Amino acid sequence: MSGPRVRFAPSPTGYFHVGSARTALFNWFIARQSADGVFLLRIEDTDAERNREEWVDGIISAMHWLGFVEDEGPFRQSDNTAAHDAAVTALLEAWYLYPCACTADEVQARKGDNKTPGYDGFCRDRAVPRGPGTALRFRTPREGATTVPDLIRGDVVTSNAVIEDFVVARSSGAALFALANVVDDRNDRITHVIRGEEHLPNTPKQILLWEALSAATGNVVQVPVYAHLPVLVNEQRKKLSKRRDPVAVESYRDQGYLPAAITNYLSLLGWSPRGDEEKVPLSTCIEQFRLEDVSHSPAFFDLKKMAHLNGEYIRELPLEEFLEASAPWVSPWASNWQPTDRTPPWTAADFDGDTWRRIAPLVQERVALLGDIVEMVDFFFLPVAPFDEAAFDKTIGRDENGQALLSNALEVFATVEWTAPTLHQATVALGESLGLNLRKAQAPLRCAVTGRTVGPPLFESLEYLGRDRTLTRIREALAKVAG
RNA sequence: GGUCCCAUCGUCUAGUGGCCUAGGACAUCACCCUCUCAAGGUGGAGGCACGGGUUCGAAUCCCGUUGGGACUGCCA
C-alpha cells in the first residue's frame, strides 16, 4: 500500500490567499506524515480569461516561502486538455452527457416552476444535435442518492433528485472545472481531496462524474476520500474575500511576518495541537495532525493573534538571524529580497550597520512585525529627527521644565562620560535639580533626540547616537522653541 | 427561495457521557517590574444559543427552534 497522494490546486487569479495557504498547509501535513506521502501542485488555469501568468509565479514562490515544496509538479491543468477532451468524448458516447442548446436566459426562465433545482433538464430528451452553441450537460440520475465520504464531517448524503443536470463542457467543447478537476485527480491518483468547504456542494457532482468515468472508460479508479475545511471568515463572519479583506500572503511577507509564525497561526485555525501550548513547531503539527480532528465551523482570521505569535517568533531568533531577517526593511539595498511597497526613509549612505547591530537586541524584543523596526530606529539614520509635533509641544514647547532640562543637559552632556549608565545617572541628577523624577526628565530628552515619545531605551540610544549628534539635536529643539 | 454545512468565553480552541467548580491562547482590565514603549510575571472579568427528550448522570447522544455560513456560473 502506497502513501497518501494529496494535491494543492490553486487557480492563479490573484495573490496567494491565506485561505489557500491554510488549505495547502493541511494537505502538506498529510503528505509529510508518511514517508511515501506525495504533495502535488497543480495549477488550475483553464479559465484563460481570469488567469494571469504572473500570478502563477507569485503563488508558487509565496508557497515555497511558507515552506511547502511540491513533490510532484507544478502541473498545468491547461496541459491536460487532451485528457479532458477524451473524457468528454467517452462520457458523451456512453450517454452520460447530452447537448443542450438553452441560453443562459432560457435556463433562467425555465427555473420558474420546475421541481428540480437549477436547470430543469429541458434538452435532456430532445436529442439536440451537438454543434456551435450547445453545451454538454450531465444526465444526473433522478433516483438514489450520492454520498460524499468526508473525513471531517462524516458521510454527507445528497439526494440525486436535487442535483441539476449541470454543464460539464462549454459550447466550445472545453471541459469545465467539475470535470477537468476529476479527470486530473484520477490521472494523478489522488487519494485525499482536502479543500475548502465551498467545494462541498459540488462534490456529489464530481463523485457522479468520477464513477461515470470509471464506467465509461473501463478505467476504474477508487473515489478519493474528501475533507472539506471550514472557511476562514472576517469580522462580519463572511468568507474572506480578495476584494474586501487583506488576504495576500505576499502582503504579510511585506509587513514582516515570519513564515513560521504564519504557518503556526494558520495551523490553529480549525485545528489545535495537543496540550496547552499553541506555539509549536511544524514538526509537532505533522506528528499530531489528523483530519478527523479538524473543526466543523468557520474560523475568524485574527490578525492580532497572528501578530502576537509573530512577535514571539521574532524574539526567539538568535541575533544574527534577526539581523538577517530584518535586512529587507533596514538595508534593502544589501538584501536579495525587499518588500514591494516600502523602503526605509533613510539612504544607504546615512545607514550605519554598526549602530543598527548595537541597538538591534533592544529593538528585537519590542516589535511584532519586522516592518515595525523602521519607525523605531529611524532617528539614528535620518539627518534630522522626525518630529512628532504633538509630542514636542507637550514635552518641550509648552513645558518650561522640559526646556530648562534641555538647556542644562547641553552643558552636562558636553563633558559627561558618554556611556549609557553615566548618561542615565546624569539625567537623574538633571531631573532632581528641577524636582523631576526620571520618568518626567527623560521625556523632553527623548523627544528632542528621537522626535518621539516612545522608542528603544533612551540612554543606550544616546550612547550609540553619539555626543555630537545628541547635542546638535538638543540645540535644534531649543531653537525650535525660541523661533 | 432551494440544497448542504455548522453552533463552548469578544476571538481561536480543549473537551468524544461522570476527571468540568468547563482548560489554554489572543484581546481586555488590575497590579508588579520599569527611563518611554514593549516584553515578562501575577491576578481578574468573560462561554457550553434556546427548548424538549435519552440516561442514575449531558457541553458531550437524539429531536425541534433560533442563529450563522457555504453553494445555487458555459468560474475555480
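Numbered from 1 within each chain, the chains take letters A, B, ... in sequence-line order. The shown structure was predicted, so the numbers you read here are calculated from the model rather than taken from an experiment.
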Go through the N and O atoms of the side chain of [X] and the base of [N], and report whether any donor-acceptor pair is under 3.5 Å.
X        : N     : answer
A:Arg446 : B:C35 : yes
A:Arg439 : B:C35 : no
A:Glu460 : B:C35 : yes

Do [Y] and [X] have ring centroids that are under 6.0 Å from one another?
X        : Y        : result
A:Phe26  : A:Phe289 : yes
A:Trp356 : A:Phe380 : no
A:Tyr265 : A:Phe301 : yes

**Asked** Expressed in whole Å, how much space separates the P atoms belonging to B:C9 and B:U60?
**Response** 14 Å
**Message:** Please give the distance between the C1' atoms of B:G18 and B:C4 as a whole number of Å.
**Reply:** 35 Å
Taking OP1 and OP2 of [N], is either one under 4.0 Å from a side-chain nitrogen or oxygen of [X]?
X        : N     : value
A:His296 : B:C5  : no
A:Lys238 : B:G69 : yes
A:Thr46  : B:A76 : yes
A:Arg195 : B:C71 : no
A:Lys239 : B:C71 : yes
A:Arg315 : B:G40 : yes
A:Arg237 : B:G67 : no

**Message:** Cation-pi check for A:Tyr119 against A:Arg137: NZ or CZ below 6.0 Å from the six-membered ring centre and within 45 degrees of the axis, yes or no?
**Reply:** yes
**Message:** For A:Leu269 and A:Val157, find the nucleotide of RNA chain B closest to each by heavy atoms; which residue's nucleotide sits nearer the 5' end?
**Reply:** A:Val157
**Prompt:** For A:Pro456 and A:Thr158, take the nucleotide of RNA chain B holding the closest heavy atom to each; which residue's nucleotide lies nearer the 5' end?
**Reply:** A:Thr158
**Item:** Neighbour count above 12 (heavy atom, 6.0 Å) for A:Lys279 NZ
**Value:** yes
